[in-house]
Amino acid sequence: MVLIVGIIATITYGTVGLGIAMVDDEEDTISPSELDEDERFSDPRVEQVGENEYEAYVVAQTFIYQPDPIEVPEDSEVTFYVTSRDVIHSFSLVGTNVNTMVVPGEVSSVTAEFDEPAEYGVICNEYCGSGHHDMEGMLYVVPEDEFDLTELSVTADDEVELGDDATFDVTVENGQLDDLETAIELEVGDETIEEDVTVPGDDTYETTLTVDSTDLGEGDHDWTVTVDDHTESGTLSVVEDLEDDEDDEDGGDDDE
Ligand code: CUA
C-alpha cells in the first residue's frame, strides 16, 4: 500500500510539478530492418501537426538517439513516437515521468506537454550493451520565436568548365504549418543571387540558381547558400577543360 501511494505521488509530482503531462502510451508494430524505408522513421524529425501540437519521430539505436538534439517549442504538446533499430532501449526524459521502453519491432508513443523553455537529458534506462551508460541525447524546449522547422539542402556542381553555367539546386522545406516568407541568398565568388520565396506550410520549395562561370573566372570559389539562420556551403572549381568527359558528341551537357 505504501509503495502504491509512493508511486502515485511520484507520478503526480512528475506531472504537476514539472509542467509535463503524459497523455498516452501505446505501441504498434514496425520492421526494425526497414526503418530507412519507413515514412515516419527514415528521417527522424519533429513535425508540426496542429497549432501547438507536434509529433517527434525518434530512432534509438546502439548508442544514440536520432534526432539529437530534439527541439520543440514552449507551450506545446508533443507526441514522441520512438522505435529501435536494434536492441531494447528506453526513451527517458531526465527529471520527468516520460520514460518508455523502446522495443525493436514496436513503436512506443508518449505525449508530453512542455509549458516553458527547458533542457532535458534523454537517457536509456535499459541495458543495451557496452555503450549503454553513454547512451544519451538532449531535448531542448525553446522559446516560440527561436523555434523553426526549416530545412535547407543544396546540391551543387563541384567542377564546371569555364564558360558553362554552374547550377545550385536549392531545396527549402517548411515543416511548420504557417507559410514561411524568406529569401534564398547564394554567394559565390563576387556574385550574389537573391530570390524571395514563400514556402507554404508543410511544403517544400525547390529552385535552381545558375551562375555563369565566366563571371567567376578560373579557380576555386567558395559558395554559401543562406536561408534565415540556415547555411550550406561548398567550393566550386572552374576549370579550363573538364578532363573526365570523353568529349560527348552532343556537346557535353550534364547527363545526370
Ligand atoms: Cu540503449 Cu541502454
Side-chain angles (χ1 to χ4, degrees), residues 3-4 6-49 53-74 76-142 147 149 151 173 175:
L3 273 178
I4 292 169
I7 288 165
I8 291 170
T10 306
I11 292 171
T12 308
Y13 173 74
T15 307
V16 179
L18 295 160
I20 289 184
M22 191 129 93
V23 181
D24 64 13
D25 188 355
E26 302 171 352
E27 283 151 15
D28 59 281
T29 58
I30 189 168
S31 168
S33 58
E34 288 168 14
L35 296 187
D36 289 334
E37 285 101 69
D38 187 84
E39 183 180 74
R40 293 172 298 175
F41 294 101
S42 57
D43 176 23
R45 66 195 178 280
V46 173
E47 257 181 24
Q48 187 180 19
V49 293
E53 285 171 49
Y54 294 82
E55 290 180 349
Y57 298 97
V58 180
V59 174
Q61 67 186 82
T62 52
F63 299 99
I64 56 167
Y65 295 96
Q66 294 174 295
D68 182 33
I70 301 167
E71 213 172 86
V72 298
E74 64 183 322
S76 63
E77 183 182 288
V78 183
T79 302
F80 298 91
Y81 294 92
V82 194
T83 194
S84 167
R85 201 185 290 279
D86 39 42
V87 297
I88 294 177
H89 301 278
S90 88
F91 178 82
S92 310
L93 295 184
V94 178
T96 76
N97 65 330
V98 175
N99 178 20
T100 183
M101 210 161 150
V102 182
V103 180
E106 293 180 6
V107 178
S108 306
S109 71
V110 51
T111 300
E113 286 172 24
F114 299 100
D115 297 339
E116 48 194 52
E119 292 182 16
Y120 298 99
V122 179
I123 58 162
C124 180
N125 282 332
E126 298 288 331
Y127 183 76
C128 54
S130 60
H132 161 70
H133 60 279
D134 286 329
M135 183 158 172
E136 54 192 19
M138 284 302 295
L139 171 78
Y140 295 118
V141 182
V142 302
F147 182 75
L149 284 177
E151 275 184 47
E173 205 179 316

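Counting convention: from 1, in listed order, for ligands and their atoms alike.
Closest approach between atom 1 (Cu) of ligand 1 and any N/O/S atom of His89 involves ND1.
The side-chain heavy atoms of Val107 and Phe41, taken from C-beta on, include a pair separated by under 4.5 Å. A 4.5 Å side-chain heavy-atom check between Thr111 and Glu77 finds at least one atom pair inside the cut-off. Proximity of Glu71 to Val46: side-chain heavy atoms (C-beta onward) are nowhere separated by under 4.5 Å.
In summary, an N, O or S atom of Cys128 is located under 2.8 Å from atom 2 (Cu) of ligand 1. At least one N, O or S atom of Cys124 sits under 2.8 Å from atom 2 (Cu) of ligand 1. Atom 1 (Cu) of ligand 1 has Met135 among its coordinating residues (N/O/S atom, backbone or side chain, under 2.8 Å).
Vertex atom 2 (Cu) of ligand 1; arms to His132 ND1 and Glu126 O; angle rounded to 10 degrees, 80°.
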From CA spacing to verdict: side chain to side chain contact (heavy atoms under 4.5 Å, CB included), Met138, Tyr65: CA-CA 9 Å; Met138 284 302 295; Tyr65 295 96; over 6 Å; no
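Among the candidates Phe80, Tyr81, Phe147, Phe114, the single residue satisfying the ring-ring contact (aromatic ring centres under 6.0 Å, His included) test with Tyr54 is Phe147.
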